[in-house]
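First up is the structure itself, then whatever we jot down about it.
These numbers were taken from a predicted model, which means no experiment stands behind them.
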Number of protein chains: 2
Amino acid sequence: MTGRKTSSTNYSNQIFLEERCSLNELINLLSKRWITEILFGIEEGNNRFTTLKEELRHISDNILADRLRLLEEYKLISKESFIEIPPRVEYTLTDTGHELSRQLEVLCNFSDQCMVSKKAVSC
Amino acid sequence: MTGRKTSSTNYSNQIFLEERCSLNELINLLSKRWITEILFGIEEGNNRFTTLKEELRHISDNILADRLRLLEEYKLISKESFIEIPPRVEYTLTDTGHELSRQLEVLCNFSDQCMVSKKAVSC
DNA sequence: GTCATAACTCTTAATTTAATGAGTAACTAC
DNA sequence: GTAGTTACTCATTAAATTAAGAGTTATGAC
């Protein structure tokens with residue numbers, strides 16, 4: 001999870017795209033592996049680190065931690081820590097998070113119909 | 001552009017996600033760099049390799065070729081080749097492609113409002 | 001005193017993705 | 001006969017992303 005090399009063409013191209021359209025910024029976030037499932041999981045009330053980890057059986061700890069951090073940074077989820085031993089932390093969707101989730105469900109219906117098995121079929 | 005290693009955890013996790021929800025397959029496609037801009041470009045009538053290359057100033061040839069191939073494979077665009085010298089090839093959106101483009105515009109409005117400068121603001 | 005627990009962090013290694021730069025075909029204009 | 005055109009392909013290198021595995025902290029249960 002070390003930072004990017006901001007002097008690379010790779011980086012400046014990403015910036016070019018994000019400046020052209022904020023959709024590219026959103027897609028860049030959504031394309032991080034596991035992130036949609038984490039968002040949907042939290043929406044459905046699966047709101048803790050360990051239970052999310054159980055649901056998404058193959059995710060590794062550092063990735064889950066990173067994704068939760070990202071979602072919080074983008075204000076799509078918020079985090080509440082309870083001072084207990086062992087610690088308890090709960091995540092919930094923000095209003096923006098709920099709105100995104102709703103939009104993604106629409107897109108999901110589209111992909112269900114149109115992305116069957118690696119190739120689109122006519123809608 | 002060589003193939004993936006299908007025995008990796010990286011690969012099997014991607015499959016796990018795509019089987020969980022087809023949205024992940026769609027996002028995986030949309031997350032390929034430049035692909036949304038190519039889709040929008042073609043929608044707006046910028047329908048040739050060279051002109052797309054000019055519009056997206058920093059894209060490299062092999063990436064553009066790969067993205068066009070992908071979009072065609074997913075039946076979001078179709079390709080017409082004219083037997084001329086120098087060759088001429090034109091791309092157009094399929095019905096599915098138009099529908100996707102429409103859906104992405106909605107998502108784009110969302111991201112315009114909510115992804116201001118790397119961090120979401122309340123809607 | 002050893003183990004378990006939750007929610008993480010850190011380093012390193014494997015894998016995937018994107019970029020660079022050269023090359024191709026077939027013809028036209030100069 | 002040299003350069004220019006379009007729509008590509010190919011091999012190599014650079015960079016980014018993901019995964020693996022160990023470590024942390026404070027406490028309660030045994």
Side-chain angles (χ1 to χ4, degrees), chain A residues 1-17 24 27-35 37-38 42 46-54 56-72 77 79-91, chain B residues 1-17 24 27-35 37-38 42 46-54 56-72 77 79-91:
Chain A
M1 301 301 152
T2 41
R4 297 184 65 160
K5 188 174 182 178
T6 55
S7 61
S8 65
T9 306
N10 191 316
Y11 179 77
S12 61
N13 282 350
Q14 182 61 32
I15 299 298
F16 172 79
L17 287 168
N24 289 316
I27 287 176
N28 190 236
L29 175 66
L30 296 176
S31 71
K32 305 287 177 195
R33 190 165 289 177
W34 306 101
I35 213 163
E37 298 305 313
I38 294 168
I42 294 172
N46 188 349
N47 59 359
R48 298 186 60 182
F49 192 95
T50 309
T51 53
L52 283 164
K53 200 160 123 69
E54 277 161 16
L56 306 173
R57 287 200 311 284
H58 312 292
I59 197 172
S60 37
D61 287 18
N62 61 336
I63 300 289
L64 178 53
D66 177 71
R67 299 314 187 245
L68 288 167
R69 197 176 44 69
L70 270 174
L71 285 168
E72 201 195 354
I77 63 176
K79 174 178 175 177
E80 192 176 4
S81 301
F82 299 88
I83 314 297
E84 304 173 1
I85 298 291
R88 180 162 60 98
V89 176
E90 288 182 4
Y91 297 94
Chain B
M1 300 297 152
T2 41
R4 296 183 64 159
K5 187 171 181 183
T6 56
S7 62
S8 65
T9 307
N10 191 315
Y11 178 78
S12 62
N13 282 351
Q14 182 60 32
I15 299 297
F16 173 79
L17 287 168
N24 289 316
I27 286 175
N28 190 234
L29 176 66
L30 295 175
S31 71
K32 305 288 177 192
R33 191 166 288 179
W34 307 101
I35 213 161
E37 299 304 315
I38 294 169
I42 295 172
N46 189 349
N47 60 0
R48 298 186 61 181
F49 192 94
T50 309
T51 53
L52 284 164
K53 200 161 122 69
E54 278 160 16
L56 306 172
R57 286 199 313 282
H58 312 292
I59 197 173
S60 39
D61 288 17
N62 64 335
I63 300 288
L64 177 53
D66 178 70
R67 299 316 186 242
L68 288 168
R69 197 178 45 68
L70 270 174
L71 285 167
E72 200 195 354
I77 64 175
K79 174 178 175 177
E80 191 176 4
S81 301
F82 299 89
I83 314 296
E84 301 173 2
I85 297 293
R88 179 160 61 99
V89 176
E90 290 183 4
Y91 297 94

Report the residues that fulfil side-chain contact (heavy atoms from CB on, under 4.5 Å) with [X], sequence neighbours left out, ordered by chain and then residue number.
X	result
B:S81	B:K79, B:V89
A:E84	A:F82, A:R88
A:N47	A:E90

Would you mind reading off the bend of the helix from C:dG1-D:dC30 to C:dC30-D:dG1 from its two end axes, five pairs each, to 10 degrees?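 Its terminal axes enclose an angle near 20°.
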
Pick the closest DNA chain C nucleotide for A:A65 and for A:N10 by heavy atoms, then say which residue is nearer the 5' end.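 Counting from the 5' end, the first nearest nucleotide belongs to A:A65.
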
Can you measure [X] atom [atom1] to [N] atom [atom2] for me and round it to whole angstrom units?
X	N	atom1	atom2	answer
A:I83	C:dA6	CD1	P	17 Å
B:Y11	C:dT17	OH	C1'	16 Å
A:L56	C:dA7	CG	P	14 Å
A:F82	C:dT5	CZ	C1'	17 Å
B:R4	C:dA18	CZ	C1'	15 Å
A:E80	C:dA6	CD	C1'	16 Å
A:I38	C:dA7	CD1	P	14 Å
A:I63	C:dA14	CD1	P	16 Å

State whether [X] places a side-chain N or O below 4.0 Å from either non-bridging phosphate oxygen (OP1 or OP2) of [N].
X	N	value
B:N62	C:dA19	no
B:T9	D:dA20	yes
A:W34	D:dT18	no
A:S8	C:dA18	no
B:R69	D:dC8	no
A:R33	D:dA19	yes

Heteroatom pairs (N/O) under 3.5 angstrom, protein to nucleotides 4-7 of chain D:
residue : atom : partner : partner atom : Å
D:dT6   : O3'  : B:R48   : NH2          : 3.1
D:dT6   : O3'  : B:P87   : O            : 2.9
D:dA7   : OP1  : B:R48   : NE           : 2.9
D:dA7   : OP1  : B:R48   : NH2          : 2.8
D:dA7   : OP1  : B:V89   : N            : 3.2
D:dA7   : OP2  : B:T50   : N            : 3.1
D:dA7   : OP2  : B:T50   : OG1          : 2.6

Which class fits the ring pair B:F16 and A:H58: parallel under 30°, tilted 30 to 60°, perpendicular over 60°?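 B:F16 vs A:H58 ring planes: perpendicular.
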
With sequence neighbours left out, write down each residue that passes ring pair (Phe, Tyr, Trp, His ring centres under 6.0 Å) with A:Y91, or none if nothing qualifies.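 Scan of A:Y91 (ring pair (Phe, Tyr, Trp, His ring centres under 6.0 Å), adjacent residues dropped) gives none.
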
Shortest non-hydrogen contact from [X] toward [Y]:
X	Y	value
A:I77	A:L68	CD1-O, 3.6 Å
A:L64	A:F49	CD2-O, 3.4 Å
A:L30	A:I35	O-CG2, 3.4 Å

I want to confirm an ordering. Mapping A:S7 and A:I59 to their closest nucleotides on DNA chain D, which one lands closer to the 5' end?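 The residue whose closest nucleotide sits nearer the 5' end is A:S7.
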
Ignoring hydrogens and angles, state whether a donor on the side chain of B:N24 or A:R33 is under 3.5 Å from an acceptor on the partner side chain.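 No, because no side-chain N or O of B:N24 sits under 3.5 Å from a partner of the opposite role on A:R33.
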
Compare the minimum distances between each of C:dG21, C:dT9, C:dA18 and the side chain of B:K32, then state the nucleotide with the smallest one.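 Within the option list, the nearest is C:dA18.
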
How about B:R4 and B:Q14: do any of their side-chain heavy atoms sit closer than 4.5 Å?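 A side-chain contact under 4.5 Å exists here.
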
For a quick check of understanding: with a heavy-atom distance under 4.0 Å over all strands, which category does B:S60 fall into, base, sugar-phosphate or nothing?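 Base contact.
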
